[in-house]
> 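Take a look at this one; I'll ask things after.
Reminder, nothing fancy here: chain letters follow the sequence lines and each chain counts from 1. All heavy atoms count here, side chains included; hydrogens, waters and symmetry mates do not.
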There are 2 protein chains.
Amino acid sequence: MSVPLYQAKAELFRTLGHPVRIRVLELLQDGPKPVRDLLAVIEVEPSNLSQQLAVLRRAGMVTSYRDGPLVMYSLSTPDVADLLAAGRRILGTVLTDRDALLDELRTAPDPPGPVAAGDRPRAHVTNGPPARPGR
Amino acid sequence: MSVPLYQAKAELFRTLGHPVRIRVLELLQDGPKPVRDLLAVIEVEPSNLSQQLAVLRRAGMVTSYRDGPLVMYSLSTPDVADLLAAGRRILGTVLTDRDALLDELRTAPDPPGPVAAGDRPRAHVTNGPPARPGR
DNA sequence: TTAGCACTTGCGAAATTCTTCAATTGACCT
DNA sequence: AGGTCAATTGAAGAATTTCGCAAGTGCTAA
């Protein structure tokens with residue numbers, strides 16, 4: 001109980017919250033790779049990559065071992081790939097929903113009377129529950 | 001292309017990287033709830049909760065509407081629940097893996113000779129690929 | 001031994017995110 | 001109109017992250 005469950009979850013997601021770390025995980029999806037290969041693809045300074053790898057290591061999402069002169073990294077469990085896949089899915093729906101909403105705003109602008117420059121609503125919610133079908 | 005795909009992904013995960021936001025999403029999994037109910041369960045100041053809700057709103061993970069005096073929130077898509085589920089799963093395997101590793105360290109401490117106080121290795125990787133079965 | 005590649009670590013500066021306080025908006029009631 | 005509850009907003013300060021540089025470790029080949 002020392003660390004509440006929802007906090008552990010938040011930390012898990014937070015470790016995925018960085019472009020370089022996402023790229024690393026995606027690259028590792030098809031097999032272990034040496035740092036040098038990662039470095040060749042992701043343009044970022046070696047020390048920076050190393051720091052991000054350290055974050056992933058601490059979180060237990062990747063493992064590393066040394067193979068001769070190079071250090072190899074691999075996903076610590078295939079579940080990581082699942083998580084990335086789930087992310088991809090949701091990104092799709094969230095983005096298309098957003099676009100749909102934008103379309104709606106574009107095609108149906110200010111219906112009734114004119115609106116003076118200074119009195120547009122500041123609230124983020126429009127009134128009433130969203131269209132309820134059975135009623 | 002203005003926003004690289006992996007950056008959008010990182011932002012998505014980062015949105016989930018906060019205990020309060022995780023709790024909100026989990027609570028919303030079984031139906032829409034007014035802010036007031038969320039507030040009753042999650043102990044945090046109203047304004048703080050509101051800020052976190054705003055983050056979730058901007059990211060498109062929740063939607064809100066006003067129902068009389070209260071503001072209701074709900075998941076914008078059930079996919080969000082999937083993502084949380086995937087997180088739960090991975091958290092399980094990562095944590096048990098970690099524990100297994102700790103066990104191993106506890107049951108098999110320093111095999112050969114004694115180690116002087118000042119010369120433990122500073123590297124994070126131990127040499128050689130992990131146990132290769134077929135060889 | 002010396003040299004050089006492959007990576008990692010420590011550290012300070014810059015950028016982001018979190019938290020809280022005060023003020024504001026909206027809806028409802030009397 | 002005035003009061004109250006529900007929730008949001010803006011802004012400032014604290015706390016965390018991120019990034020690049022300099023310096024180090026570990027391996028291998030001369």
> Return a table of donor-acceptor pairs under 3.5 angstrom between the side chains of residues 49-59 of chain B and protein atoms on other chains or two or more places apart.
| unit_1 | atom_1 | unit_2 | atom_2 | d |
| --- | --- | --- | --- | --- |
| B:Gln52 | OE1 | B:Arg21 | NH1 | 2.7 |
| B:Gln52 | NE2 | B:Asn48 | OD1 | 3.0 |
| B:Arg57 | NE | A:His124 | ND1 | 3.4 |
| B:Arg57 | NE | B:Tyr73 | OH | 3.2 |
| B:Arg57 | NH2 | B:Tyr73 | OH | 3.2 |

> Measure the shortest side-chain to side-chain distance between B:Leu28 and B:Ser74 over non-hydrogen atoms and say whether it is less than 4.5 angstrom.
no

> Between A:Met72 (CE) and D:dC27 (P), how many Å, whole number?
16 Å

> C:dC7 C1' sits how many Å from A:Lys33 NZ, rounded?
18 Å

> Figure out the CD1/C1' separation between B:Ile42 and D:dA7, and round it to whole Å.
14 Å

> Could you check if a side-chain atom of A:Met61 sits within less than 4.5 angstrom of a side-chain atom of A:Leu12, using non-hydrogen atoms only?
yes

> Show the atom names and distances, to 0.1 Å, of all donor-acceptor pairs under 3.5 Å that link a side chain in residues 81-94 of chain A to residues at least two apart or in another chain.
| unit_1 | atom_1 | unit_2 | atom_2 | d |
| --- | --- | --- | --- | --- |
| A:Arg88 | NH1 | A:Glu26 | OE2 | 3.2 |
| A:Thr93 | OG1 | A:Ile90 | O | 3.2 |
| A:Thr93 | OG1 | B:Asp79 | OD2 | 3.2 |

> Rounded to whole angstrom units, what separation is found between the CG atom of B:Leu53 and the C1' atom of C:dT19?
15 Å

> Answer whether the closest heavy-atom distance between the side chains of A:Pro34 and A:Asp67 falls below 4.5 Å.
no

> Indicate whether OP1 or OP2 belonging to C:dG26 is found under 4.0 Å from a side-chain N or O atom of B:Tyr65.
no

> Any chance you could list the contact pattern along nucleotides 16-23 of chain D? Use B for base contacts, S for sugar-phosphate-only contacts and - for none, protein heavy atoms under 4.0 Å, 5' to 3'.
-SSBBBB-

> Which pairs, with at least one residue in residues 33-42 of chain B and sequence neighbours excluded, count as a salt bridge (Lys or Arg N to Asp or Glu O under 4.0 Å)?
B:Asp30-B:Lys33

> Could you tell me the separation between the CG atom of A:Asp67 and the C1' atom of D:dT28, rounded to a whole number of Å?
13 Å

> Nearest 0.5 Å, please: how far is CG in B:Leu38 from CZ in B:Arg23?
10.0 Å

> Of all residues at least two apart in sequence or in a different chain, which pass the side chain to side chain contact (heavy atoms under 4.5 Å, CB included) check with A:Arg14?
none

> Where do N or O atoms of nucleotides 1-6 of chain C meet protein N or O atoms at under 3.5 Å, pair by pair?
| unit_1 | atom_1 | unit_2 | atom_2 | d |
| --- | --- | --- | --- | --- |
| C:dA6 | OP1 | A:Arg36 | NE | 3.3 |
| C:dA6 | OP1 | A:Arg36 | NH2 | 2.4 |

